[in-house]
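Along the sequence shown, residues carry numbers from 1. A quick note: this is a predicted structure, and the numbers were derived from the prediction, not measured. Both backbone and side-chain heavy atoms feed into the values below; hydrogens, waters and symmetry mates do not.
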Amino acid sequence: MERKKKVALVTGGNSGMGKASCAALADQGFHVLLLARSREKGEAAMKDLEKVPGRSVELLLCDLADPESIKIVDAFFKEKNDTLDVLLN
């Protein structure tokens, strides 16, 4: 699988330091996977982050307290990526 961008996964990326980290990583050319429990909050963060042209950010809904939710995100990630370059938890 040929990769075009490095991949970063940020838990709690919908607000605060997580959201700021998503912006900084996207600005450095990473494809950012923003993990959030709330669809509403995640989509609001995405809308804000995508205001800057060229940013590559993708929302993944995941409750880290729910093992099934983690398995779903894990399977999705492995289907689309071969390596994770940065994990911010």
Side-chain angles (χ1 to χ4, degrees):
M1 175 182 303
E2 185 179 329
R3 293 177 24 179
K4 296 177 182 170
K5 292 187 174 207
K6 289 186 177 183
V7 178
L9 188 146
V10 181
T11 64
N14 59 293
S15 65
M17 292 297 295
K19 184 176 172 186
S21 296
C22 287
L25 288 162
D27 289 343
Q28 291 178 40
F30 282 82
H31 175 66
V32 178
L33 302 172
L34 183 162
L35 262 65
R37 283 181 297 197
S38 163
R39 178 179 301 277
E40 182 180 334
K41 291 179 181 179
E43 288 176 351
M46 289 288 297
K47 185 175 181 181
D48 192 37
L49 290 166
E50 290 174 336
K51 288 179 182 176
V52 175
R55 284 184 175 167
S56 178
V57 184
E58 186 173 359
L59 174 62
L60 298 178
L61 298 177
C62 184
D63 181 349
L64 295 176
D66 177 8
E68 286 303 312
S69 181
I70 295 168
K71 286 179 185 177
I72 291 168
V73 168
D74 179 55
F76 176 83
F77 178 85
K78 288 177 179 176
E79 183 179 311
K80 291 192 164 201
N81 303 278
D82 57 356
T83 303
L84 178 64
D85 299 291
V86 174
L87 170 63
L88 291 179
N89 184 7

Legend entry - Whether Asp85 side chain and Ala8 backbone form a donor-acceptor pair below 3.5 Å: no
Inset, instruction - Could you tell me whether Arg55 atom CZ has more than 12 heavy atoms of other residues or ligands within 6.0 Å of it? - result: yes
Legend entry - Smallest separation among heavy atoms of Leu35 and Leu9, with atom names: CD1-CG, 3.7 Å
Legend entry - Val32 reachable from Val86 in the ILVMFWY side-chain graph, under 4.5 Å edges: yes
Legend entry - Shared hydrophobic cluster, Leu33 / Leu49 (ILVMFWY, side-chain heavy atoms < 4.5 Å): no
Legend entry - Non-hydrogen atoms of Phe76 and Glu58 that approach each other most closely: CZ-OE2, 3.2 Å
Inset, instruction - Give the cluster check for Leu87 versus Val7: same hydrophobic cluster or not, with ILVMFWY residues linked at side-chain heavy-atom distances below 4.5 Å. - result: yes
Inset, instruction - For Leu61 and Val73, work out which heavy atoms get closest and say how close. - result: O-CG2, 3.6 Å
Inset, instruction - State, with a plain yes or no, whether a side-chain heavy atom of Leu34 is found less than 4.5 Å away from one of Met46. - result: yes
Inset, instruction - Report yes if some heavy atom in the side chain of Leu60 is under 4.5 Å from a heavy atom in the side chain of Phe77; otherwise report no. - result: no
Legend entry - Glu50 side, atom CD; Leu59 side, atom CG - distance, nearest 0.5 Å: 9.5 Å
Which atom pairs, donor and acceptor, lie under 3.5 Å between side-chain atoms of residues 11-25 and protein residues at least two apart or in another chain?
unit_1 : atom_1 : unit_2 : atom_2 : d
Thr11  : OG1    : Leu88  : O      : 3.4
Thr11  : OG1    : Asn89  : OD1    : 2.9
Lys19  : NZ     : Asp48  : OD2    : 2.7
Ser21  : OG     : Met17  : O      : 2.8

Legend entry - Closest non-hydrogen atom pair, Lys5 against Ser56: NZ-CB, 3.6 Å
Legend entry - Spacing of Asp82 atom CG and Lys80 atom NZ [to the nearest 0.5 Å]: 14.0 Å
Inset, instruction - Could you tell me whether the side chain of Ile70 reaches within less than 4.5 Å of the side chain of Cys62, counting heavy atoms only? - result: yes
